[in-house]
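In what follows, every heavy atom counts, from backbone to side chain, and hydrogens, waters and symmetry copies are set aside. No experiment lies behind these values; they were computed from the predicted model shown.
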Amino acid sequence: MASLGLVIFILSCAIFQAFPVSSSNNYGGLFPELYQISCPQANEIVMSVLEEAISKDPRMAASLLRLHFHDCFVQGCDASILLDKNSAFKSEKEAGPNKNSLRGYEVIDEIKAKLEQVCPHTVSCADILALAARDSVVLSGGPYWEVPLGRRDSKTANFNKANINIPAPNSTIQNLINLFNKQGLNEQDLVALSGGHTIGMARCVSFKQRLYNQKGDNLPDVTLEKTYYNGLKSICPTSGGDNNISPLDVASPVRFDNTYFKLLLWGKGLLNSDEVLLTGNVKKTKALVKSYAENEAIFFRHFAQVYGENGKY
């Protein structure tokens, strides 16, 4: 549940609309320099809050990146993920992929509070989420990109779309391709964005099926490397422990790098939705996994393109 302060600031965001500025760039009407005059301190404030939050809890970088991703996959990058339920709609926070799972609301609360002190009713919560995602990646060692700004904050949430649109951890490769296509994202975008799993953790409930009953035959997923598999079993017993956590990238869980893709090649991808990028019999995704594992710069460039140049997020 959000703090009282977050509820207040979210309400102010829902009232405020950040109107896109026309420009000749490729951002679909959004404009990276939108707040240069109206709130020139915006980027500095976001970064300063994140530096402190991530220094206290390194997991927070991944949590904020995921918060933005889950927001964008429902009805666009509109901060609807922040809205609490009311008489008009259910909150997306309560949907299956988000409940007891998403983190970082209090960090967005703090950023918004500080921005309101210096630039009242200026920076949208949707833009705050986008900036926080970018800066979390940068602070974790990942690429920088210009964030297109001017997103409108939603006044409503969509509980049903949150349950339907957000990819499940046990997704097949075709499920993933279809869900990403619905968002206007192609196979390259799918693999690049999946690389965000190079930081962060996942709960046992998200991957326990792979350990004990992958195909409904009470047998593990044969693609799991044996030592890695045994380690996961020690974290996630056959019964209970659903909220125990394991790194998505066991080698460098708080550093944004290309190790995630190397681990996939070694049979050490945590989620089924990770593993199928390599073994799902789709040549494009398999080739991209290998390419990103071999060349971190290409991965960084493609990841940043989804958020920056292409203006998709």
Side-chain angles (χ1 to χ4, degrees), residues 1-2 53-70 73 81 91-107 133 136-137 140 162-163 166-172 175-176 193-257 259-279:
M1 179 173 290
I54 294 170
S55 69
K56 292 179 179 178
D57 177 8
R59 281 184 62 198
M60 189 54 66
S63 296
L64 292 170
L65 179 60
R66 184 167 181 256
L67 189 62
H68 180 52
F69 179 89
H70 280 221
F73 253 64
I81 188 64
S91 173
E92 292 169 23
K93 298 176 184 178
E94 300 300 311
N98 301 330
K99 190 174 183 180
N100 300 321
S101 177
L102 287 184
R103 305 168 71 242
Y105 297 112
E106 71 282 2
V107 178
S136 292
V137 169
S140 302
N163 278 317
I166 297 171
N170 64 347
S171 295
T172 66
N175 290 152
L176 292 171
L193 286 174
S194 295
H197 284 177
T198 187
I199 54 176
M201 313 285 282
R203 295 182 297 158
C204 284
V205 68
S206 300
F207 59 87
K208 184 178 284 188
Q209 173 185 324
R210 297 189 71 201
L211 305 181
Y212 302 109
N213 193 25
Q214 173 69 347
K215 295 183 178 180
D217 54 6
N218 295 316
L219 294 174
D221 187 339
V222 297
T223 65
L224 283 166
E225 191 272 334
K226 188 174 181 180
T227 302
Y228 181 58
Y229 162 68
N230 288 331
L232 292 176
K233 286 201 302 178
S234 69
I235 297 170
C236 301
T238 53
S239 61
D242 283 357
N243 289 321
N244 295 347
I245 57 176
S246 180
L248 288 156
D249 173 346
V250 70
S252 54
V254 297
R255 180 161 185 81
F256 199 99
D257 54 25
T259 305
Y260 164 83
F261 296 104
K262 296 176 182 178
L263 291 171
L264 289 183
L265 297 177
W266 300 335
K268 297 182 179 181
L270 185 62
L271 306 180
N272 191 75
S273 57
D274 298 320
E275 181 265 332
V276 295
L277 299 176
L278 180 68
T279 64

Trainee: Could you walk me through whether Asn98 and Ile166 satisfy the side-chain contact (heavy atoms from CB on, under 4.5 Å) test, starting with their C-alpha distance in whole Å, then the side-chain angles of each, then the deciding distance to 0.1 Å, before giving a yes or no?
Mentor: CA-CA 9 Å; Asn98 301 330; Ile166 297 171; 3.8 Å; yes
Trainee: How long is the gap from CG on Leu264 to CD on Glu275, to the nearest 0.5 Å?
Mentor: 8.0 Å
Trainee: Determine whether a donor-acceptor pair (N or O, by modelled atom type, separation under 3.5 Å) exists between the side chain of Asn244 and the backbone of Cys236.
Mentor: no
Trainee: At what distance, to the nearest 0.5 angstrom, does OG1 of Thr223 lie from OH of Tyr228?
Mentor: 10.5 Å
Trainee: Could you check if a side-chain atom of Lys233 sits within less than 4.5 angstrom of a side-chain atom of Tyr212, using non-hydrogen atoms only?
Mentor: yes
Trainee: Locate the shortest heavy-atom distance separating Leu270 from Pro247; write the atom from each residue and the value.
Mentor: CD2-O, 3.5 Å
Trainee: Restricting to non-hydrogen atoms, name the atom on Ser246 and the atom on Ile235 that form the minimum distance, rounded to 0.1 Å.
Mentor: OG-CD1, 4.0 Å
Trainee: Sequence neighbours excluded, which residues qualify as side chain to side chain contact (heavy atoms under 4.5 Å, CB included) partners of Gln209?
Mentor: Asn170, Gln214
Trainee: Quick one: does Asp242's side chain get under 4.5 Å of Arg203's, heavy atoms only?
Mentor: no
Trainee: Could you tell me which non-hydrogen atom of Val276 sits nearest to which non-hydrogen atom of Ser171, and how far apart they are?
Mentor: CG2-O, 3.8 Å
Trainee: Can you tell me how far OG of Ser273 sits from CG of Leu176, rounded to the nearest 0.5 angstrom?
Mentor: 6.0 Å
Trainee: How long is the gap from CG on Asp249 to CG on Asp257, to the nearest 0.5 Å?
Mentor: 6.0 Å
Trainee: Check residues 56-63 and write down every donor-acceptor pair under 3.5 Å in which the side-chain atom is one partner and the other belongs to a residue at least two apart or another chain.
Mentor:
unit_1 : atom_1 : unit_2 : atom_2 : d
Lys56  : NZ     : Glu52  : OE2    : 3.1
Asp57  : OD1    : Arg59  : N      : 3.1
Asp57  : OD2    : Arg103 : NH2    : 2.6
Ser63  : OG     : Arg59  : O      : 3.3
Ser63  : OG     : Arg103 : NH1    : 2.7

Trainee: Quick one: are Asn272 and Phe207 in side-chain contact, heavy atoms under 4.5 Å?
Mentor: no
Trainee: Looking only at heavy atoms, what is the nearest atom pair of Gly269 and Leu224, with distance?
Mentor: O-CD2, 3.9 Å
Trainee: If you define the side chain from C-beta out and look only at heavy atoms, does anything of Glu225 sit under 4.5 Å from Trp266?
Mentor: no
Trainee: Restricting to ring-ring contact (aromatic ring centres under 6.0 Å, His included), what partner residues turn up for Phe256, sequence neighbours left out?
Mentor: Phe299, Phe300, Phe303
Trainee: I would like to know whether Ile81 and Tyr105 meet side-chain contact (heavy atoms from CB on, under 4.5 Å); could you show each step before the answer?
Mentor: CA-CA 10 Å; Ile81 188 64; Tyr105 297 112; 4.1 Å; yes
Trainee: Given 3.5 Å as the limit, does a donor-acceptor pair link the side chain of Lys268 with the main chain of Lys262, or not?
Mentor: no
Trainee: Tell me the closest heavy-atom pair linking Gly104 and Leu64, and the distance in Å.
Mentor: O-CD2, 3.7 Å
Trainee: Taking atom CG of Leu65 and atom NE2 of His70, what is their separation to the nearest 0.5 Å?
Mentor: 9.5 Å
Trainee: What distance separates Thr238 OG1 from Asn213 CG, expressed to the nearest 0.5 Å?
Mentor: 11.5 Å
Trainee: List the atom of Phe69, the atom of Pro167, and the distance in Å for their closest heavy-atom pair.
Mentor: CE2-CD, 4.2 Å
